[in-house]
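Please read the structure below before turning to the comments.
As the structure is a computational prediction, the values presented were derived from the model and not from experiment. Below, chains carry the letters A, B, ... as their sequence lines are ordered, and counting in each starts from 1.
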Amino acid sequence: MHHFQILRQIKECSKFQLPIQGKKLHAHVVKSGLDLHGPLYPNTLVDMYGKCGHLKDAVQLFDEMPSRDLASWASIFTAHNQANLPKHTLILFSGMTSSDGLQPDHFIFASLVKACASLNALKPGLQLHAQFVVSPFSDDDVVKSSLVDFYAKCGLPDIASRVFDSIVSKNVVSWTSLVYGYARMGKKSEALELLRDMPLKNLHSWTALISGFVQGGHCVDSFKLFNELRRGGVDIEEPFVLSSLIVGSATLAMLELGKQVHRLVIGLGYESSSYVSNTLIDMYAKCSDILAAEKIFSNMKNRDIVSWTSIIIGMAQHGRAVEALSLYDEMTLTGLKPNEVTFTGLMYACSHVGLVDKGRRLFKSMVVDYGLKPSLQHYTCLVDLYSRSGHLEEAENVLNSMPFKPDEAAWAALLSACSQAGKNKTGVRIANHLLQLGPEDPSTCILMSNIYARAAMWDSVSTVRKLMLTLESKKKPGYSCVDLGKENEVFYAGETTHPMKNEIFGLLKELDAEMRKRGYVPDTSLVLHDMEQQEKERQLFWHSERLAVAYGLLKSAPGTSIRILKNLRVCGDCHTVLKFISSIVSREIVVRDANRFHHFKDGVCSCRDFW
DNA sequence: CTAGGGTTAG
């Protein structure tokens, strides 16, 4: 074989992702001693390994190269970008200028800017832009296009637009980058206008707009656009856009909508895409249908770390911690390595069933066995674990020795434990830390106020109560949305204008009487204003989740579960009430609040009263 | 030989 033929074949391997054949050709080159003839083989081979996802081989070859030119560096950068290691791309770049003394060309600039874009690394990106402008390559449209994408991803659509204007021959790639930037920042009309004006658009462009809307939280708009895309008869030849829509359904917590997208996935034949299945697992879990999530998971042929992590977190959030932990055991048996996200789910699971030793071992295993660096969130989970199980000293030790500044959640976990264990002295110390930090969660304030009251520190009590009043005025209005399949109904606290107000009120009153017979005592400690007990109880009575439950009971088919989405956390009293109601009416009530899921059934909640 | 746009878990 002539060497140009071999080169062509290696390139074919990169194009069609055939690493095994590529490896054979590599062996052939080595055996024939051909790599001595020119610099093209190593570069082409590095490129091939990178594009086939064999980063290790690419790096090894790169390291063994006697001399490296700009193309070698460009290939190794692409390999790292593609392996989702953009950070390494930037680290390697400093070696390129320092050890090899090379200056970046347009290929290098484009790869580096892409790395900055996926990292959201504004500062290095700005530096590269400055370097690019004064370089001999400053006219290159591809680099400019990568800069448009970079500014779009960094949330700077106006700068993106200025760079876009400087592109001499704009193509579908540069247009799409800008569309994405506008969509993400909620610049709806600009994004739509741009899409309309595009001389050439493809599925890629539509997907950029739709996913941009989802990521910017404008999920309803993303569905509107998708309908437009369908009406326009665009062929959905790849499932990217479907993943975005599934994320959109999950964000909106609209189960029926998610199911509709799922049916479309099946109809278009994308059930086997692991990206799609992974988003479906998460969507069903977030829409409270954990059984459907399990079903997707168990039907998957090739489960990756995201699939396992999604189902583990789903289980943990739905209060099924034991299953979450045994899924982890099953996962490790298959040889898959957990990552930081997996451990977040596992620690969460442990702390919610009080498995202290297990949680401690997992935390250690994360560092020792897998070389992962725990984040603040992991430490907070650890503090939570120790606090809840009464290991107060250990909890405080973690707080004081962890390599992060503890946040409100971490301090509050310990404070709550102090309060329960009657450790007033420690409690006061923790509360003082919190006061300095400026707590933003009303339930943290309640804890602090109680601790100070027990220590007879009335000045501090009054400081905290003042703080609570300012928090109250900044608070988002609470609402609950009950999902009745075809329709959703939103209720705000104290709402008195609903057409079915009388029926709702009547039902709640009936339930209230029955609950009191069964021993319910309203907990008004969270109602702030100075008013009579009766008035406080009346306030609780009109909390949005109760209105939503009553409406759900009136409108839904007997025996079905009632699904409610709440934008804030469920208050302690409503939590008690929902437990009572679930047993009085023998119905399952599933509430997704700002933090987690609560499955109320037969008078108990899956969260075991801790949330 | 080498570069730029759209998808997943906290």
### Message
Can you tell me if A:Lys114 touches the phosphate of B:dG5, counting only side-chain N or O atoms and a distance under 4.0 Å to OP1 or OP2?
### Response
yes

### Query
Got a donor-acceptor pair under 3.5 Å from the side chain of A:Asn339 to the base of B:dA9?
yes

### Task
Determine the contact category for A:Ser310: base if any of its heavy atoms lies under 4.0 Å from a base atom, sugar-phosphate if only primed atoms, P, OP1 or OP2 are that close, otherwise nothing.
sugar-phosphate

### Task
Check every atom of B:dA3, B:dG5, B:dT2 against the side chain of A:Val142 and return the nucleotide holding the closest atom.
B:dA3

### Query
So what does A:Lys153 touch, heavy atoms closer than 4.0 Å: a base, only the sugar-phosphate, or nothing?
sugar-phosphate

### Message
Counting distance alone, no hydrogens or angles: does the base of B:dG4 have a donor or acceptor under 3.5 Å from a partner atom on the side chain of A:Ser145?
### Response
yes

### Query
Do A:Gln215 and A:Tyr180 have side-chain atoms, one donor and one acceptor, less than 3.5 Å apart?
yes

### Query
Between A:Phe213 and A:Arg184, is there a cation-pi geometry (under 6.0 Å to ring centre, at most 45° from the normal)?
no

### A:Ser244 vs B:dT7: side-chain N/O to OP1/OP2 distance below 4.0 Å
no

### Query
Which nucleotide sits closest to the side chain of A:Ser174: B:dG4, B:dC1, B:dG5?
B:dG4

#### Entry: Between A:Trp73 and A:Asp100: side-chain donor-acceptor atoms closer than 3.5 Å
yes

### Query
A:Lys51 side chain N/O closer than 4.0 Å to the phosphate oxygens (OP1, OP2) of B:dA3?
yes

### Message
Within 45 degrees of the ring normal and closer than 6.0 Å to the centroid, is that where the cationic atom of A:Lys188 sits relative to A:Tyr182?
### Response
no

### Query
Any idea which of B:dT8, B:dG6, B:dC1 is nearest the A:Leu203 side chain?
B:dG6

### Spacing of A:Glu238 atom CD relative to B:dG5 atom P, expressed in whole Å
14 Å

### Query
With respect to the phosphate group of B:dA9, does any side-chain polar atom (N or O) of A:Gln317 fall under 4.0 Å of OP1 or OP2?
no

#### Entry: Atom-pair distance (CZ on A:Phe213; P on B:dT7), nearest Å
14 Å

### Query
What about A:Ser177: does its side chain form a donor-acceptor pair under 3.5 Å with the base of B:dG5?
no

### Task
Using only heavy-atom distances, decide whether a donor-acceptor pair under 3.5 angstrom links the side-chain of A:Asn171 to the base of B:dG5.
no

### Message
Taking 4.0 Å as the cut-off, does a side-chain nitrogen or oxygen of A:Lys11 come that near to OP1 or OP2 on B:dC1?
### Response
yes

### Query
Roughly, in whole Å, what's the span from NE2 in A:His80 to P in B:dA3?
15 Å

### Task
Take atom CG of A:Asp282 and atom P of B:dG10, then tell me their distance rounded to the nearest Å.
5 Å

### Task
May I have the distance from A:Leu245 (atom CG) to B:dT8 (atom P), rounded to whole angstrom?
11 Å

### Query
Using centres under 5.5 Å plus planes under 30 degrees as the test, is A:His106 stacked with B:dA3?
no

### Query
Quick one: A:Ile108 CD1 to B:dC1 C1', roughly how many Å, whole number?
12 Å

### Query
Just how far, in rounded Å, is C1' of B:dT8 from NZ of A:Lys286?
10 Å

### Message
Just N and O in the side chain of A:Lys170: are any of them under 4.0 Å from OP1 or OP2 of B:dG5?
### Response
no

### N/O (side chain, A:Thr78) to phosphate O (OP1/OP2, B:dA3) under 4.0 Å
yes

### Summary
Rounded to whole Å, the NZ-C1' distance (A:Lys144 to B:dA3) equals 15 Å

### Query
Which of the following nucleotides, B:dT7, B:dT8, B:dA9, is nearest to the side chain of A:Thr279?
B:dT8

### Task
Select one nucleotide: of B:dT7, B:dG10, B:dA9, the one nearest the side-chain heavy atoms of A:Phe240.
B:dT7

### Message
Ring centres within less than 5.5 Å and planes less than 30° apart: is that true of A:Phe107 and B:dA3 in this structure?
### Response
no

### Query
When you measure from the side chain of A:Val247, which nucleotide among B:dG4, B:dT8, B:dA3 comes out closest?
B:dT8

### Query
Judged by modelled atom types alone, do A:His318 and A:Ser606 share a side-chain donor-acceptor pair under 3.5 Å?
no

### Message
Whether the A:Ser307 and A:Asp304 side chains hold a donor-acceptor pair (N or O, under 3.5 Å, no angle test) is what I'd like checked.
### Response
yes

### Task
Describe the nucleic acid contact of A:Asn202 in one word from base, sugar-phosphate, nothing, applying a heavy-atom distance below 4.0 Å.
base

### Message
Checking side-chain polar atoms at under 3.5 Å, does A:Ser351 have a donor or acceptor matched by the opposite partner on A:Asp384?
### Response
yes

### Query
Which part of the nucleic acid, if any, lies within reach of A:Val172 when heavy atoms closer than 4.0 Å are counted: base, sugar-phosphate only, or nothing?
base

### Message
Tell me whether A:Tyr275 and B:dT7 count as stacked here, given that the ring centres must be under 5.5 Å apart and the planes must differ by less than 30 degrees.
### Response
yes

